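Just below is one structure, and these are the notes that go with it.
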Amino acid sequence: MSVVVWIVEGTWPACVDAARAHAPADADVVLLHVTPADVPGVAHGAFAGLLGRGHPERDPGTRMERFAATSAQELLQSAADRLGRPCTRTERTGRVEREVVAEAEGRDLLILARDGDRSHLGPRSLGPASRFVVDHAPCPVLLVWPEPSPDLSTMPPPPPHH
């Protein structure tokens with residue numbers, strides 16, 4: 001069995017715990033972190049257009065890329081430590097939702113956490129990237145609450161009868 005665990009700041013512990021609980025001990029577990037490509041790109045563009053002609057050593061986009069890589073490595077190490085078994089740590093850069101779907105290709109399970117409004121049950125408990133991943137994943141998905149789920153009383157009312 002091959003399992004991808006999408007590691008995102010703030011919700012990753014719940015995903016790792018779900019992998020520990022639901023993936024067989026001999027499963028091939030991939031911890032995946034995706035860094036959006038657009039943030040350093042915006043910094044590169046702003047610097048080149050406004051400030052940095054002739055001074056590439058001052059480009060803040062390069063520093064942002066280094067900080068993002070270091071942060072991703074630390075996050076993946078923390079996730080691997082929490083998992084407590086052999087795993088592969090994978091870092092990708094690009095459109096987050098598309099990179100996650102691409103990594104899930106040919107896998108048996110994808111584990112991710114709700115990332116939207118988690119104060120009540122309903123479709124808004126998924127942010128845009130997670131909604132895309134759930135809708136396009138090429139394998140089964142285990143969607144977890146990063147904290148205890150809200151009470152059933154928070155579920156939206158049924159639609160009116162016509």
Side-chain angles (χ1 to χ4, degrees), residues 1-48 59-150:
M1 175 177 225
S2 180
V3 178
V4 175
V5 183
W6 184 13
I7 302 299
V8 177
E9 293 82 356
T11 61
W12 67 267
C15 295
V16 171
D17 292 348
R20 287 177 30 200
H22 299 289
D26 62 345
D28 173 28
V29 177
V30 175
L31 302 176
L32 171 67
H33 182 273
V34 181
T35 301
D38 55 350
V39 175
V42 168
H44 285 306
F47 180 74
D59 185 348
T62 304
R63 283 184 295 213
M64 290 178 78
E65 288 170 343
R66 281 196 308 267
F67 291 143
T70 300
S71 175
Q73 290 167 3
E74 290 172 0
L75 194 60
L76 286 168
Q77 182 62 54
S78 295
D81 292 345
R82 186 175 183 112
L83 183 64
R85 65 167 114 161
C87 62
T88 302
R89 290 175 275 184
T90 301
E91 298 175 46
R92 293 177 83 140
T93 301
R95 294 280 310 251
V96 174
E97 63 277 10
R98 292 185 178 273
E99 294 297 325
V100 173
V101 169
E103 187 67 35
E105 178 75 31
R107 307 295 184 163
D108 298 303
L109 182 65
L110 170 63
I111 301 174
L112 67 141
R114 294 175 182 273
D115 62 349
D117 178 3
R118 298 187 306 263
S119 65
H120 58 275
L121 300 171
R124 291 192 179 101
S125 66
L126 291 177
S130 293
R131 170 56 60 199
F132 183 95
V133 169
V134 167
D135 289 346
H136 295 88
C139 65
V141 172
L142 175 57
L143 181 60
V144 299
W145 287 92
E147 62 274 324
S149 64

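Note that the coordinates shown come from a computational prediction; the quantities given were computed from them, not determined experimentally. Along the sequence shown, residues are numbered consecutively beginning with 1.
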| task | Please list, chain by chain and in numerical order, all residues satisfying side-chain contact (heavy atoms from CB on, under 4.5 Å) with Pro138, sequence neighbours excluded. | result | Val101, Ala104, Glu105

| task | Take atom CZ of Arg98 as the centre, draw a 6.0 Å sphere, and report whether it contains more than 12 heavy atoms from other residues, nucleotides or ligands. | result | no

| field | Leu31 CG to Thr90 OG1 distance, which is reported to the nearest 0.5 Å | value | 8.0 Å

| remark: Of all heavy-atom pairs linking Arg85 and Pro24, the shortest is NH1-O, 2.6 Å

| So which pairs with a foot in residues 120-129 pass salt bridge (Lys or Arg N to Asp or Glu O under 4.0 Å), sequence neighbours left out? | none

| request: Mind checking the SG-CG spacing from Cys87 to Asp81? Nearest 0.5 Å is all I need. | output: 9.0 Å

| task | Could you check if a side-chain atom of Arg107 sits within less than 4.5 angstrom of a side-chain atom of Val30, using non-hydrogen atoms only? | result | yes

| message | If the condition is ring-ring contact (aromatic ring centres under 6.0 Å, His included), which residues does His120 pass it with, not counting sequence neighbours? | response | none

| remark: Closest non-hydrogen atoms of Leu142 and Ala18, given as atom of the first, atom of the second and distance, are CD2-CB, 4.0 Å

| query | Taking all non-hydrogen atoms of both residues, which atom of Cys139 and which atom of Leu109 are closest, and how far apart? | reply | SG-C, 3.9 Å

| message | Looking at every non-hydrogen atom in both residues, tell me the closest pair between Pro140 and Asp108 and how far apart they are. | response | CD-O, 3.3 Å

| request: Using side-chain hydrogen bond (donor to acceptor under 3.5 Å, both in side chains) as the criterion, list what pairs up with Arg82, not counting sequence neighbours. | output: Asp17

| said: Test your reading of the model: is there a side-chain donor-acceptor pair from Ser78 to the backbone of Glu74, 3.5 Å cut-off? | reply: yes

Distance-only donor-acceptor pairs under 3.5 Å for side chains of residues 3-13, two or more places apart:
{"residue": "Glu9", "atom": "OE2", "partner": "His33", "partner atom": "NE2", "Å": "3.0"}

| note | Distance col, row Leu110:CG vs Cys15:SG, nearest 0.5 angstrom, shows 9.0 Å

| side chain to side chain contact (heavy atoms under 4.5 Å, CB included), paired with Leu143, selected from Ile111, Leu126, Val133 | Leu126

| Cut-off 3.5 Å, side chains only: do Gln77 and Arg89 have a donor facing an acceptor? | yes

| request: Enumerate the residue pairs fulfilling salt bridge (Lys or Arg N to Asp or Glu O under 4.0 Å) with a member in residues 132-145, sequence neighbours excluded, ordered by first and then second residue. | output: Arg131-Asp135

| query | Which pair of heavy atoms, one from Asp117 and one from Ser119, lies closest together, and at what distance? | reply | OD1-OG, 2.6 Å

| query | Looking at Pro146 and Ala14, what are the two nearest heavy atoms and their distance? | reply | CA-CB, 3.5 Å

| field | CA sep, side-chain torsions, deciding dist, call: Val100, Arg92, side chain to side chain contact (heavy atoms under 4.5 Å, CB included) | value | CA-CA 9 Å; Val100 173; Arg92 293 177 83 140; over 6 Å; no

| request: Supply the atom-to-atom distance Glu99 CD to Glu91 CD, rounded to the nearest 0.5 angstrom. | output: 12.5 Å

| message | If you count every heavy atom of other residues, nucleotides or ligands that lies below 6.0 Å from Arg95 atom CZ, does the total exceed 12? | response | no

